[in-house]
Amino acid sequence: MSLPVDRKTDAPVAVGDQDVVLRADDLARGYSVGSFPRRNRVSAVDGVSLGLRRGEVLGIVGESGCGKSTLARMLVGLERPDRGRLVYRGDDVTAGRRRDRQRLRDGVQMIFQDPYASLDPRMTVLDIIAEPLAATGSGTRAERRDRVAELLGLVGLSTEMMSRFPHQFSGGQRQRIGIARALALHPDVLVCDEPVSALDVSVQAQVINLLSDLQRRLGVTIVFIAHDLSVVRHIADRVAVMYLGRIAEIGDTDTIYNSPAHPYTQALLSAAPPSERSNRGRLADRRILAGEPPSPVNPPSGCRFNPRCWMSQDICHHNTPLLREIDTNRHTACHFAEEALRRA
């Protein structure tokens, strides 16, 4: 079986752009928490819109609890949005038709954070990787075995490992098995939810380099979610910064890291070690956040970052800023983005 190779493009994301393989329009997802009668509604993701270009790597960063993993689960169809829609290859796949949802599940695959929990300990490597093929009725058993052998070679593992069980592998090897399983159905998009955070530091670079190599060889689009800003900068073509369920800023990686325009992005980069910043440390002493993120049960009105923002003014407390284009390489949701950029 041969693997498809899609070309990489630098074309801008636009509605109807044929180079956008997956688009999220105004996605929102909330959860009920607490016990009756004091149940509250937590807004995990609130109005996220973005487009994924063929062959690109989009990094998503933000503090814990900002909605990154919830967004990832909606992108792969594990959770259905309360509001908004997903458009995959030009078709709305959130309309409720089973055939469309199946297309999304086949074409958008997920690599999970914990390689120890994401593999069935009772299944062999052969059965784990071949499971998506068997579930979709792809090929004979012999053809599926050949495909598994091909995938093991792609991720740097020996075909002799087919008969082994997950407990016989290291964490890095298990994550490679998870990557091979995600590639089984020739997906257009891989959603990686903190894929290296559970691994030893010495192994993280190997997995990151493997993903980068697979992206170049196969032309697959990757959504890479992480806390480590240096890892995201290494692998991503574009970066989306999330805060309390919304995108604060999105743009080309070099643009975001070299000249962040949103005050939250500036603070996030200020908190990184000096070796991970590229703006000569200008933000190191000036963009320090105070306090904790507001509760998603009762988020602030207007801009959700306003209680912690040093540039906050009256409009920020009442008017929600739209994600708007402030230059050719970035969109920012801040009323005073141009001023923040000048002050950076």
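In this text, all values refer to a predicted model and were calculated from it rather than measured experimentally.
- Within a 6.0 Å sphere centred on CZ of R145, heavy atoms belonging to other residues, nucleotides or ligands number 12 at most.
- Residues I250 and L341 do not share a hydrophobic cluster, clusters being chains of Ile/Leu/Val/Met/Phe/Trp/Tyr side chains in contact below 4.5 Å.
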Before giving the answer on side-chain hydrogen bond (donor to acceptor under 3.5 Å, both in side chains), spell out for D25 and S49 the whole-Å C-alpha distance, their side-chain angles and the decisive distance to 0.1 Å. CA-CA 5 Å; D25 292 336; S49 298; 4.9 Å; no

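- In terms of modelled atom types and a separation under 3.5 Å, the side chain of T70 and the main chain of G67 share no donor-acceptor contact.
- For the pair Q215/V57, a side-chain contact is recorded, criterion being any heavy-atom separation below 4.5 Å from C-beta on.
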Using a 3.5 Å cut-off and no angle test, enumerate the donor-acceptor pairs between side-chain atoms of residues 312-323 and protein atoms at least two apart in sequence or in another chain.
residue	atom	partner	partner atom	Å
S312	OG	H317	NE2	3.1
D314	OD1	H318	NE2	3.4
H317	ND1	N306	OD1	3.1
T320	OG1	G302	O	3.4

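- Under the 3.5 Å distance criterion, the side-chain polar atoms of E79 are left unmatched by any main-chain donor or acceptor of M74.
- Counting only distance, with no hydrogens or angles, the side chain of T221 and the backbone of L52 share no donor-acceptor pair below 3.5 Å.
- With R238 contributing its side chain and L58 its backbone, the two residues share no donor-acceptor pair below 3.5 Å.
- A salt bridge does not link D19 to R53: none of the charged nitrogens lies less than 4.0 Å from a carboxylate oxygen.
- Between the side chain of E143 and the main chain of T140, a donor-acceptor pair closer than 3.5 Å is present.
- In this view, D213 and R217 satisfy the side-chain hydrogen bond (donor to acceptor under 3.5 Å, both in side chains) rule, not counting sequence neighbours.
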Side-chain donor-acceptor contacts of residues 103-112 below 3.5 Å, not counting sequence neighbours, with atom names and distances?
residue	atom	partner	partner atom	Å
R103	NH1	D91	OD2	3.2
D106	OD1	Q102	NE2	2.9
Q109	NE2	R105	O	2.5

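- Sorted by first and then second residue, the salt bridge (charged side-chain N to carboxylate O under 4.0 Å, His left out) pairs with a member in residues 112-135 read D120-R122; sequence neighbours excluded.
- Residue pairs meeting the salt bridge (charged side-chain N to carboxylate O under 4.0 Å, His left out) criterion with at least one member in residues 255-267, sequence neighbours excluded, do not occur.
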Assess whether salt bridge (charged side-chain N to carboxylate O under 4.0 Å, His left out) is satisfied between D46 and R83, documenting all intermediate values. CA-CA 9 Å; D46 186 13; R83 186 183 77 240; 3.3 Å; yes

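- In this structure, R324 and T332 have side chains that are not in contact, with every pair of non-hydrogen atoms separated by 4.5 Å or more.
- Contact check for H186 versus R147: side-chain heavy atoms found under the 4.5 Å cut-off.
- The two atoms that bring K68 and C66 nearest to each other are CG-SG, 3.2 Å, heavy atoms only.
- Q204 places a side-chain N or O within 3.5 Å of a backbone atom of V196 that can act as its donor or acceptor partner.
- In this structure the side chain of R89 reaches within 4.5 angstrom of the side chain of D188, judged on heavy atoms.
- Neither side chain, S202 nor D200, offers a donor N or O lying under 3.5 Å from an acceptor on the other.
- Side-chain contact check for H227 and S64: at least one donor-acceptor pair (N or O, by modelled atom type) lies under 3.5 Å.
- Looking at residues two or more places apart in sequence or on another chain, you find no salt bridge (Lys or Arg N to Asp or Glu O under 4.0 Å) involving D252.
- T328 meets the side chain to side chain contact (heavy atoms under 4.5 Å, CB included) test with no other residue; sequence neighbours excluded.
- Salt bridge R330/E249: present, at least one basic N to carboxylate O contact under 4.0 Å.
- Residue A24 comes nearest to L27 through the heavy atom pair CB-CD1, 3.6 Å, listed as atom of the first residue, atom of the second, then distance.
- The main-chain N or O of L229 is found under 3.5 Å from a side-chain atom of Y257 such that the two form a donor-acceptor pair.
- No side-chain heavy atom of R73 sits under 4.5 Å from any side-chain heavy atom of R29.
- Taking every heavy atom of both residues into account, P121 and F165 meet most closely at O-CD2, 3.6 Å.
- E339 is linked by a side chain to side chain contact (heavy atoms under 4.5 Å, CB included) to M311, F336, R342, R343, counting only residues two or more places apart in sequence or in another chain.
- Between the T255 side chain and the G251 main chain, no donor and acceptor come within less than 3.5 Å of each other.
- Taking S32 as the reference, R39, R41 meet the side chain to side chain contact (heavy atoms under 4.5 Å, CB included) condition, with sequence neighbours excluded.
- Judged by distance alone, with hydrogens and angles left aside, the side-chain atoms of Q175 form no donor-acceptor pair with the main-chain N or O of V207 at under 3.5 Å.
- Applying the salt bridge (charged side-chain N to carboxylate O under 4.0 Å, His left out) rule to pairs touching residues 158-175 yields nothing, sequence neighbours excluded.
- In this structure, the side chain to side chain contact (heavy atoms under 4.5 Å, CB included) partners of P294, at least two apart in sequence or on a different chain, are Y243, L244, P300, P307, R308.
- Shown here are the side-chain hydrogen bond (donor to acceptor under 3.5 Å, both in side chains) partners of N298, two or more places apart in sequence or in another chain: there are none.
- Cluster membership for Y116 and V155, using ILVMFWY side-chain heavy atoms within less than 4.5 angstrom, is not shared.
- Contact of the F169 side chain with the V125 side chain is registered, since non-hydrogen atoms from C-beta on lie closer than 4.5 Å.
- When the side chains of ILVMFWY residues are joined at heavy-atom separations under 4.5 Å, either directly or via intervening members, I128 and L154 end up in a single hydrophobic cluster.
- A 4.5 Å side-chain heavy-atom check between E63 and M242 finds every atom pair outside the cut-off.
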